[in-house]
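Just below is one structure, and these are the notes that go with it.
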Amino acid sequence: MRTTTTDLAALAAALRAAVGADRVISDRQELRTYECDGLAQYKVVPALVALPADAAQCAAVVRACVAAGVPFVARGSGTGLSGGALPHADGVLIVTSRMRDIIEVAPEDERAVVQPGVINLAVSRAANPHGHYYAPDPSSQQICSIGGNVAENSGGAHCLKYGFTAHHVTGIELVTPDGDRVRLGGRAPDAPGYDLLGAFIGSEGTLGIATEVTVRLTRLPESVRTLLAAFDSTDQAGAATSAIIAAGVVPAAVEMMDALAISAAEAAVHCGYPAGAGAVLIVELDGPEPEVAAQFDQVERLCRDNRAFEIGIAADDAERALFWKGRKSAFAAVGRISPDYIVQDGVIPRTALPEVLRRIGELSAERGIRVANVFHAGDGNLHPLVLFDAAVDGQAERAEEVSGAILDLCVRHGGSITGEHGVGMDKAKYLPRMFSADDLDTMQLLRCAFDPAGLANPGKIFPTPRLCGEVPGRRKGVHPAQEAGLAEVF
């Protein structure tokens with residue numbers, strides 16, 4: 001049942017009472033600012049937007065939505081790439097970007113306490129004077145928020161050694177889908193009982209909204225060394241990656257870009273990567289100086305053994321930043337060579353890299369769709385950028401076919417349809433390719449335990465959401481969520 005104009009007017013009044021008149025948006029043109037996240041293929045204009053300033057206001061907004069029976073979606077900086085923060089047309093978008101206080105930096109505990117709107121990189125900047133930093137570093141770290149990182153369990157270039165957001169969050173205060181404020185975990189390394197914190201991180205806004213996050217700080221390493229190795233092909237670069245890991249070296253990061261991605265980065269930021277390279281590896285080591293020095297020599301030798309034709313070693317922080325500038329700007333840089341593109345996010349075993357990359361090349365040639373590959377080679381997290389021009393008849397459809405075929409390829413090789421971008425709206429239809437109907441039912445039982453009314457970010461993650469109280473099993477007839485326009489059956 002759609003929300004009526006009268007219902008919306010009453011809800012808008014309740015929201016203004018909760019957060020202030022200037023923090024509720026109802027104008028259609030202003031609402032369009034929030035019609036999508038970083039995945040622009042899907043666009044929905046929300047009915048209302050609320051911008052709470054603190055946890056109490058956030059809880060009041062959720063309670064108002066619950067009282068009105070109106071769905072709500074949380075949004076941070078809007079940099080997500082799976083449509084996880086896509087608004088609901090009849091719902092409220094709760095934007096946490098004004099909740100941006102760094103509440104405490106406690107180096108003695110190696111912890112920081114922040115609000116969800118705090119930008120990822122701001123945590124490290126606050127911790128650096130104390131000899132610490134925040135390790136998870138998505139490519140969008142200059143703009144993405146901690147709340148969004150928690151929702152998506154974001155990773156980054158250095159997740160090979162340091163892991164994902166889940167490994168760096170010890171406590172969360174959240175607003176539940178019925179408007180209560182609760183705490184999970186704290187400053188201690190682990191809390192007794194069921195791992196509800198682990199369930200919440202990566203739940204993409206379906207189990208509640210984080211309003212305060214306690215993160216683990218990491219001590220700044222004594223030494224950091226970075227090299228950039230150029231190869232004739234991705235096969236050679238992949239072989240070098242496998243050789244490095246097989247030798248027992250665990251770099252902080254091993255990143256790969258292919259020729260098309262290199263071309264885009266050069267056009268955008270002039271990063272000075274070796275001319276004619278079919279692939280480049282960026283390998284970064286950090287830790288105690290003697291260990292880094294010994295391992296760095298080993299990595300350099302292994303790259304040469306696997307036919308690197310040029311190796312550049314960063315002489316200082318400025319040169320190191322230039323190496324990373326090309327990689328960090330790759331997603332945006334592709335806009336220089338293609339008007340439209342899909343950013344994919346699949347995972348495969350490292351040893352399957354050469355075979356999978358060759359098959360992606362074949363898919364590209366078969367469909368006449370270019371694919372630029374940028375990825376975390378060290379842990380097999382692929383980010384193929386599927387390029388197309390929506391103005392050319394049929395290209396968008398062919399790009400979607402290639403994108404889906406790449407995810408199928410990942411699953412067939414024992415991997416996953418997502419490594420760090422989440423499922424959101426974009427990948428819900430692919431989830432049954434990884435999980436059985438019983439698996440999906442079990443996951444949704446957990447969701448129903450948190451959100452029995454089904455109001456928290458409905459229509460995300462699962463291709464056909466179950467209704468709480470349903471008996472698990474195959475449904476006959478039209479699902480009520482499908483009939484209401486909240487879900488699509490694939």
Side-chain angles (χ1 to χ4, degrees), residues 1-26 31 34 44 46-76 84-101 103 115-117 145-148 150-151 171-184 196-197 199-201 203-213 446-460 465 467-469 481 484 486:
M1 183 175 179
R2 295 186 66 85
T3 307
T4 67
T5 303
T6 303
D7 292 336
L8 281 178
L11 179 56
L15 297 182
R16 290 185 179 104
V19 303
D22 62 334
R23 293 189 174 180
V24 176
I25 299 172
S26 57
L31 289 171
Y34 300 96
V44 175
L48 295 167
V49 169
L51 294 99
D54 56 33
Q57 288 187 0
C58 186
V61 169
V62 171
R63 287 196 296 271
C65 291
V66 171
V70 170
F72 57 88
V73 177
R75 173 188 168 114
L86 188 74
H88 191 289
D90 297 319
V92 176
L93 189 68
I94 302 175
V95 180
T96 61
S97 59
R98 293 195 179 187
M99 300 172 64
R100 51 179 179 243
D101 289 343
I103 297 167
Q115 288 187 315
S145 65
I146 293 297
V150 167
I172 288 175
E173 181 196 65
L174 65 101
V175 173
T176 67
D178 56 6
D180 290 336
R181 291 170 62 185
V182 302
R183 287 188 177 274
L184 303 176
L196 297 179
L197 187 65
F200 184 83
I201 298 169
S203 61
E204 303 188 32
T206 62
L207 304 185
I209 303 172
T211 53
E212 183 184 289
V213 184
L446 174 65
R447 181 174 183 171
C448 287
F450 275 77
D451 182 22
L455 297 179
N457 210 7
K460 307 296 171 54
L467 297 182
C468 299
L486 298 177

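All values below come from the heavy atoms of this structure, side chains included, with hydrogens, waters and symmetry mates left out.
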Determine all donor-acceptor pairs shorter than 3.5 Å in which one atom belongs to a side chain in residues 17-25; sequence neighbours excluded.
none

Listed pairs under 3.5 Å, donor-acceptor, residues 55-76 side chains, sequence neighbours left out:
{"unit_1": "Gln57", "atom_1": "OE1", "unit_2": "Ala53", "atom_2": "N", "d": "2.8"}
{"unit_1": "Arg63", "atom_1": "NH1", "unit_2": "Gly179", "atom_2": "O", "d": "3.1"}
{"unit_1": "Arg75", "atom_1": "NH1", "unit_2": "Cys36", "atom_2": "O", "d": "2.8"}

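Taking each heavy atom of Ala456 and Gly205 in turn, the nearest pair found is CB-O, 3.7 Å. Of all heavy-atom pairs between Leu93 and Ala85, the closest is CD1-O, 4.0 Å. Closest non-hydrogen pair, Leu31 versus Ala47, comes out as CD1-O, 3.5 Å.
For Ser203, the side-chain contact (heavy atoms from CB on, under 4.5 Å) partners two or more places apart in sequence, or in a different chain, are Phe200, Thr206, Leu207. Partners of Ser97 according to the side-chain contact (heavy atoms from CB on, under 4.5 Å) rule, which considers only residues two or more places apart in sequence or in another chain, are Leu51, Val95.
Here the options are Asp90, Val92, Ile94, the test is side-chain contact (heavy atoms from CB on, under 4.5 Å), and the partner is Leu48; only Val92 passes.
Taking 4.5 Å as the limit, every side-chain heavy atom of Glu212 sits out of range of all side-chain heavy atoms of Pro116.
Between the side chain of Gln115 and the main chain of Asp101, a donor-acceptor pair closer than 3.5 Å is present.
Pairs of residues two or more places apart, or lying in two chains, that qualify as side chain to side chain donor-acceptor pair (under 3.5 Å) and include a residue from residues 12-21 are Arg16-Ser26. The stretch residues 449-459 participates, sequence neighbours left out, in these side chain to side chain donor-acceptor pair (under 3.5 Å) pairs: Asn457-Lys460.
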